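This structure is a prediction, so every number in the text was calculated from the model and none was measured.
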Amino acid sequence: MRYLVAMIFAATFAAVTTVFLATPVASWVVDKMKFDSPDQVADLHSALFMGVNLLAMLIGWTIGWALGRSLSATPDDD
């Protein structure tokens, strides 16, 4: 049960972050920097987008893992 709750929270956090947070954060960081090539802009934007989504997924997994422990019938058997 704990894994299921963690996976649901991770997917939810990643989906919400993808829709509402990742693009504005990546664009804001890229706008603050100067580049020599448009390829550098695209590479950094993609890396930041994926990094923000990965961080959100890890945060969601951690919260789900903690909440899943309280829902588990035998928390010591996890």
Subject >> Interatomic distance, L55 atom CG to L21 atom CG [nearest 0.5 angstrom] >> reply: 9.5 Å
Original post:
Out of curiosity, T23 OG1 to W28 CH2, how far, rounded to the nearest 0.5 Å?
Top reply: 15.5 Å
**OP:** Evaluate the criterion side-chain contact (heavy atoms from CB on, under 4.5 Å) for residue pair L44 and Q40; output intermediate values, then yes/no.
**Re:** CA-CA 6 Å; L44 182 62; Q40 292 174 332; over 6 Å; no
Original post:
Counting N and O atoms only, with roles assigned by atom type, does the side chain of R2 sit under 3.5 Å from a partner on the main chain of W65, one being a donor and the other an acceptor?
Top reply: yes
Subject >> Between CE on residue M7 and OG1 on residue T12, distance to nearest 0.5 Å >> reply: 12.0 Å
**OP:** For F13 and W61, run ring-ring contact (aromatic ring centres under 6.0 Å, His included): C-alpha distance rounded to whole Å, both residues' side-chain angles, the deciding distance at 0.1 Å, then the answer.
**Re:** CA-CA 8 Å; F13 271 61; W61 178 271; over 10 Å; no
Subject >> Exercise: do T17 and N53 side chains pair donor with acceptor under 3.5 Å >> reply: no
Original post:
Can you tell me how far the CG atom of L58 sits from the CG atom of L54, to the nearest 0.5 Å?
Top reply: 4.5 Å
**OP:** Could you tell me which non-hydrogen atom of A26 sits nearest to which non-hydrogen atom of L48, and how far apart they are?
**Re:** CB-CB, 3.9 Å
Subject >> Separation of T18 OG1 from M50 CE (nearest 0.5 Å) >> reply: 11.5 Å
Original post:
Got a second to check how far D43's CG is from F35's CZ, nearest 0.5 Å?
Top reply: 9.5 Å
Subject >> Single-linkage hydrophobic cluster, 4.5 Å side-chain cutoff, I59 and M57 together >> reply: no
Original post:
Hey, any chance V25 and F49 share a hydrophobic cluster, counting ILVMFWY side chains that come within less than 4.5 Å of each other, even indirectly?
Top reply: no
